[in-house]
Structure formats: C-alpha cells, structure tokens
Amino acid sequence: MTARPHSYVDPLDAAFPTSSRAEPAAEPAYLRGLNAEQREAVLALDGPVLVLAGAGTGKTRVLTTRLAHILATKRAWPSQILAVTFTNKAAREMKERIGALIGGTVEGMQWLGTFHAIGARMLRRHAELAGLKPNFTILDTDDQLRLLKQILEAENIDEKRFPARTLALLIDGWKNRGQLPPDVTDGDAQAFAFGKGRSLYAMYQARLKALNAADFGDLLLEPIAIMRAHREILDDYQHRFRYMLVDEYQDTNVAQYLWLRLISGANKNLCVVGDDDQSIYAWRGAEVENILRFERDYPGAKVIRLERNYRSTPAILGAASGLIAANAGRLGKTLWTESEEPGEKVQVKGFWDAEEEARNVASEAENLKRQGRALSGMAVLVRASFQIRAFEDRFLAIGLPFRVVGTTPFYNRAENRDAIAYLRVIAQGDDDLAFERIINKPKRGLGDVAIQALHNHARTANLPLLMAAEELAASEELAPKARTALSDLVKSFARWRQQSMQLPHAELAEMVLDESGYTDMLKADKSPDAAGRLDNLKELVRAMEQYESLTAFLEHVSLVMDLENNETEDKINLMTLHGAKGLEFDIVFLPGWEEGLFPSQRTLDEKGTTGLEEERRLAYVGLTRAKSRVFISFAANRRVHGQWQSALPSRFIGELPEAHIDAVADEGFYGNYGTFRDNQGGFSSPYSSPGWRRAQEARASARERAPIIDVAAKVVATGDPTAAKFATGERVFHQKFGYGRIVTVEGNKLLVNFDKAGSKRVMDGFVEKV
DNA sequence: CTCGGCAGAATTTTT
DNA sequence: TTCTGCCGAG
C-alpha cells in the first residue's frame, strides 16, 4: 500500500485520479486500508457478484466504496445505478458515506433507496398503467385495516369470526409472494370466511384503485405487473441501470426477488450483499433461499466471502460463532479476527424477575459510564417490544439518559396522524380513509347518522367522500346542524386547497390545525398528555419545513414513518433485536434470554425448527452488535398480561461455548439454570460454585413446596415433530371456544372454525378430538 | 350525538 | 395490566 502522506491527498484528486499525477499506478484513496477480499468485492464490477459478508466485516464500507468506485471511474452516472436497501437508515447512511468518499455530496442518485421507496418512484411514473393517478396515497397498516373492515361489513361477514386483521395478514402474505388475486390458490383462499379470501382480496384491490391508493405490497407488485405487461418499460429499466446493488439480500421476499430478476434481466452487473446467518425476517416473507440460490440464478457469479471481523473481541466472536454453529443449512462462514487480546468474556447472569434484571442493567450501565464509557455506545437489545418498558421505568427512576429507538414512530402518534390526514385530503381529495379519520375530529356534530348518510350518497353517486359531502351539504337530506357542520368542513377544505397553491406547506399545516379547531381541541383537553400532543404537532410542522413540497413530505411520511433524529446526546439505546440489525455498539445488554420469550414460544409453535434457527440467528445478531462487552441475562419470573409466569433460562445460553462466557450467580436467585444445562448434556462446571449450588437447592425445595410450571417440559412436548395429531375437517372441542371444525393444520397450530366463536387460531394442545 | 362504564381481547419482530 | 370496541344514559 502506498504510504503517501495525508497532506498530499486532495479528496477530489483521490476520487478522480488523473494521469498527470506523479504515481500513475497509485490507487485512489478510497481503496486504501481494504483487505484483499474487500478490495475484490469493490473492484469486481462486471457480471454478477455475491458478497457473503459476515457481521462486522466491513460490509457497508465495501458497499459504499464500490459505488464510489463506479462513480469515480465514471463507469456510470449516478442516475444509472440502482442501489437497494431495506431500511431508510441504511439508504441514508450509504448516501452520506459515498459523499464522504468521493468528496462532497452526490447528486442524482435517484435510484438509491429502500425497495419500497424505489417501487413507489417507479409506480408514480407509470401510475395510469396500474389504474392510479401519479399522486396516489400510500396506505399504512392502519388505513389498510379500516378499509378491510369496511369491505367485511359490506359483505356481511362477521368481523368477530373473521377479523380484518387476519385478512390483512393473509393479503400481506400473498403480496409478499407476488400473488395477485387470480394467483391465490384455492387452499389459501379457503383460509378465510369459507373461501371468500380471494374475492375479498380482489375487492380490496378494487377499492384501493377507487381511492387512488396503494399499500406497501403494491409498491412492488404493481411495478412487476407493469414491467411484465409493457415490454418497452421493462427495456427502459433494464438499460437504464448499468450497475445494480442490493444490500441485505438474505431479507428479500419473493416479490422483491421477482422485481430484481426483471430489472436485472439484460444487464447482469448485479451485486448482492448479504449474510444468511443474519436472516431474521422470514416471518414477514423473506426467503433465505434467495441468497442460497444466487449462483444458480446468475450462472458464473463470483462469490466473495468477507470473514475478517473488525468489530468484536475474540471472546464475543467465539461466543457468537459457537452459538450459530448449532444451525444447520448455512452457507458457512468462519469469522476471524486478528485481535490478540481475547477481551472480556460474555457475562451471563440470572435474576429473580424482570425488575431486578432492569435494576442490574441500569446500575451496570452507570458503572461503565463512570469508568468512562459513553452511554451512546451502549444498547439494551430485547426480543419483544413489551420488554422495553421495564428498562424505561428503571432508567427514568434513576435518571439514566436513554433513547428508545424504533418504537411508537413519531408519525404514528394519533395527533400527528390526524394532522397528516387533513393534509392528505388537501393533497389528494379522493383519500376517503383520511377524510373519514378526521371528519369528526375535532367533534363537529357529525356522528354515525351523518356519516352513514354520507357513505350512502357516495356509493349511489359513485363519488369520493369529499365530493359526496359537498353534494349532501347542498341537499336537504341531513339535519340542519349536521348539514351546516358538513358544509363548513367542505368549504374549509376547498379554501385550504386554494391556499396550498400559494402558502408554504408548513404554514398551511399550521393554518389547517388552527382553523379546523384541532389545536383548540387539544388546548381544551385537560388530560396530562395534551400538552405533549401540542408539542408533537409543533414538531411535525417544524419537520415539514425540510421538505420541498407537501407531496414530498407526505411521501416521506408514508414510507419512513419516523423522524430522522440525529441525536448526539449521550444516551443509552433501547431497542428490539430486529431494530439493531446493522448497528454496532461498544457494549451490548441482552436481557430476557428465557425459554418462551427468547426463543419465542410462538415462533417455536408456528415454525418449529426453522423458527428456532431464526431465533438463534437473532441471538447471533445481538451478540455480534457488540465491540467490547456483552451482558446476557435472564429472569426466573416475569409478568405477562398481568400474570406471573416463571421460565427457564434460554437454551441459547446452554449453546454458548463455555470458554467464552462468565456465568455469574446472583444472591437471592433460585432458578434451575444448572439443571437445565445438565438436561441438555451441557457443562455445568461454572455453576458448581457455592452460590449456584445454593441457588439450585433453593429452587429444588421451592419446587417441592409449590410446583412451578415446567416450561422445559412444555417445550419438549410442543417441539415434537411427530405431533401432527389433527387433520383438516375433524371436529374438535376447545375449553373456551366450544365445538368446531378444523380448517387448516400448520404444525401444531390449528385454524379452527368454531360453531359459536368463529374461526380462531389455536394450539393443538388446547383442543381435543370429539 | 356524546360520554362514560363495562366486557373482552391481547402481545413478537417492520418496510 | 392495558387497550379496544360496544352499549346505554343523558
């Protein structure tokens, strides 16, 4: 490597090396410091490339450098590069880092973004071909649900028996698999409301078009359909993109796969990057298969493995590798590090309950902070979001600054969603769902009766609600009070729409909130959180200023669902394991490693071994987030739905290699940790300390006095693969739901149509044959 | 039409 | 335990 002093390197020269430079063979600065594999991954521009990048192996660096290299060597213009990520965070980071590499910001990378953002962009360009207008609304889950409820109601389907939620999940699944209504199999359609699944799906799609709206799935599905139906559009995209790059390839679902296959058809300069060991989204349709079969799909693909880890200590790496080794069917990578120092062992500690666990994490964090570690370099990573609360409470109590990442997204707060609904109606008058949301918010005397009349009129006249409202307000149909209220509202919207042409959108928003009475409503609200809501709205208006137009803002809202808060304050991070993927921290706390919680009982029940392996990968992701220290903990007792439950330490603890962990007994804790380890045939030596033995004895005698539900036994029972005791069509009895007939059997999970209670998902353990 | 009380259900993970 | 949707009274 050239040892050119830093002072010589002008970033621009480095990015665009010129022949006049003294060293013709000199490499651009951005290649420096890359190892051989990383360099290969950056330089292999032609043809398909699969980069298997283990955790902490400098994946992002390789990705960004590769893009910078393409740009710097002028192989393609920014607009000719397709770069897809899964999260907005990743997209943002990529943009920033490319800019940093080649100096200055990169303009014109319009096709760098999430699958959904790019899909939305494509769909807006060809909206008419999908029966939409270019200004279509992107619906979120909430809107989706309300729409489905309306459809179910119109179809006279009992929402109690067949919840809209279930249908939403089904439709989501179909969309993830790239299926439009005609593609849905009879079997799948059967799963909802006596085989009406398919036609309900079709109605839903029709309603979306009528509302000029698309849901998340459509952002991919519609472009696929368009490209398939219009050769010239497909050609255009295939030729447009000289280079294609996909991050987190292991997380792609069938629809995304099809989309990519179409676009990459002619030009095979496709580079995908991923790690099968970090595939944690199978539950929402991701197919690890996609990465496993890449070489088959793209013959002659170059496979590059990044295995040298730059992040974690050998101890952490050892623990993580040992754990993930329990998974079968991996592409197989061995992470290694050059670090000489083994680093501190991974600490494993048991507690009496979740509160004690939280207290301990908090005081440990405080200690480390006192030792000079930054709080912002620490993270508490949990399996399920409900676990976060205990930590929040504790951190608040002792005044430890923290930040909750990823939960209750800013735009999801009711007041913000209301404000956005007003803006949506202004931007897109056909947006009935938004209009309905705020028609009587604040209260303006438009109740069920008025809304029903409005719906009727809209249906018979075949008009969007807002236009129907205008007509209805002009007629004699409504009671005078409601009539004036409706007429006022319609006039307000007309006025606001006028204003939206001239006024900056942030000002418009302020005006709308004031004139609609929304702010007054909150001001009059005496509940303690009303003030906070007003603050949120202020924040919202402030956030809007960053966007060019109202439309740009709304697009951002629907795709991102959160504010970009580049907070720099020193706070400990609190988030789910899923949310932590792709991040790194100095110190990581992994609480709640208990059977039933992690691995999650539900995943185990639904997906069996496959699910267990995904949970294990999640644990692997958690461990590999840490640079220097990991603290794993479990609680013997935890309150779930207000009910106390006891649990055993997670089997994952037993799978951690002994050499890399340090098990700490805690006074007063009497879990049967050691017993569990012995059952697994694991070691027990670290637990033969007097503390542990005492703990176990206490546990044993406690059990004699008052037997505690043995979770391990339950796990064994439900984990039995031969447990397919039920068949479709059989009559069963359930303690709570009564008699019913089995609709589908998935592992030990049954979908049963109960005579009285309707269709429910139940575990086979809770029903008996009649 | 609105508000209050009550019963019943709910809990992974997210673009 | 907490939230949601439904029902009846004012």
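Quantities reported herein were computed from a predicted structural model and do not represent experimental measurements. Here is the naming used below: chain letters follow the sequence lines, and residue numbers restart at 1 for every chain.
Side-chain proximity of A/H578 to B/dT15, B/dT14, B/dT11: nearest is B/dT14. Considering only side-chain atoms of A/K443, the nucleotide from B/dT11, B/dT15, B/dC3 that sits closest is B/dC3.
A centroid separation of 6.0 Å or more is found between the aromatic rings of A/W593 and A/F634.
Contacts of A/Y281 with the nucleic acid, taken as non-hydrogen atoms under 4.0 Å apart, involve only primed sugar atoms and P, OP1 or OP2. Here A/V449 lies in heavy-atom contact (under 4.0 Å) with sugar-phosphate atoms only. Here A/N440 lies in heavy-atom contact (under 4.0 Å) with sugar-phosphate atoms only. Counting any heavy atom pair closer than 4.0 Å across all strands shown, A/L446 reaches sugar-phosphate atoms only and no base atom. The residue A/T141 sits apart from the nucleic acid: no heavy atom pair falls under 4.0 Å. Residue contacts shown for A/F86 are limited to sugar-phosphate atoms, with no base heavy atom under 4.0 Å away.
With rounding to whole Å, A/L381 atom CG is found 12 Å from B/dT14 atom P.
Phosphate contact (OP1/OP2 of B/dT14, side-chain N/O of A/N88, threshold under 4.0 Å): absent.
Between A/D140 and A/D215 there is no side-chain heavy-atom pair separated by less than 4.5 Å.
Nearer the 5' end of DNA chain B, as judged by each residue's closest nucleotide, is the contact made by A/I451, out of A/I280 and A/I451.
Ring orientation note: the planes of A/Y201 and A/W174 are close to parallel, at an angle under 30° on the 30°/60° scale.
A/D247 and A/T85 share no donor-acceptor pair across their side chains, judged by distance under 3.5 Å alone.
Bounding nucleotides for the chain A contact on DNA chain C, 5' to 3', at a heavy-atom distance below 4.0 Å, are C/dT1 to C/dG5.
Applying the side chain to side chain contact (heavy atoms under 4.5 Å, CB included) rule to A/T551 yields the partners A/S549; only residues at least two apart in sequence or on another chain are considered.
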| field | Derivation of the salt bridge (Lys or Arg N to Asp or Glu O under 4.0 Å) call for A/D277 and A/R617 | value | CA-CA 6 Å; A/D277 289 335; A/R617 289 192 292 268; over 6 Å; no
